[in-house]
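Take a look at the structure set out below.
In this chain, residues are counted from 1 in sequence order.
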Amino acid sequence: MSAWKETVRAVVFPWHCDQFGHMNVRWYAHWLDDAAFHVWAANGVTFRRMRELGVHTVSARTTTDFVRELVAGDMVVVWSAFSRLGRSSVTYQHRMRSVETGIEHARQEAIEVFFDPATRKSAPIPDEFRAAIEPMLVDPASAPD
């Protein structure tokens, strides 16, 4: 089983494009943010279970590299994988690729922190989540197959 999971598929429509004819960065952010929600369930961690344990995650940092432009009619797929597990934080990678060619168009690294909404402070990653994620960690420089 691959550690890289498909988390989003999308089509670039004309209204996603700016005055220069390529997809505006707001749509990269939109799809990569959608992938950030799906990466959890794709790795066996549900938001329902987070609520039951009294935690959830908050975004601490994202860094996006825009590698190649996208234009109307392009179809993309986002692949995601966890790359680091700390005491209360996780880092994951996203790779946005062309469905047709496999060429990479964007990549993002994101850090999320587990958070206790009752105390409004960071919380340790629950052991069951750590057990689900740890075997799936990838090298951040790697790419989906």
Check step by step if salt bridge (charged side-chain N to carboxylate O under 4.0 Å, His left out) holds for E112 and R61.
CA-CA 7 Å; E112 288 192 1; R61 184 176 144 251; over 6 Å; no

Distance in Å, [X] [atom1] paired with [Y] [atom2], rounded so as to fall on 0.5 Å steps:
X    : Y    : atom1 : atom2 : answer
W40  : T7   : CH2   : OG1   : 13.0 Å
T91  : I111 : OG1   : CD1   : 4.5 Å
E52  : T46  : CD    : OG1   : 7.0 Å
S122 : R87  : OG    : CZ    : 5.0 Å
Q93  : S80  : CD    : OG    : 9.5 Å
T63  : E109 : OG1   : CD    : 6.0 Å

Do the two ring centres, one from [X] and one from [Y], sit under 6.0 Å apart?
X   : Y   : value
F82 : W4  : no
H94 : Y92 : yes
W31 : H16 : yes

Applying side-chain hydrogen bond (donor to acceptor under 3.5 Å, both in side chains) to S89 and R84, what does each step give before you reach the verdict?
CA-CA 8 Å; S89 67; R84 185 185 161 283; 3.3 Å; yes

One thing to verify: whether R107 and D65 come together as a salt bridge, which I'm taking to mean a side-chain N less than 4.0 angstrom from a carboxylate O.
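R107 and D65: salt-bridged.
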
Is V90 close to I125 at the side-chain level, that is, under 4.5 Å between some pair of heavy atoms?
yes

Hey, are the side chains of W79 and K5 touching, using non-hydrogen atoms and a 4.5 Å cut-off?
no

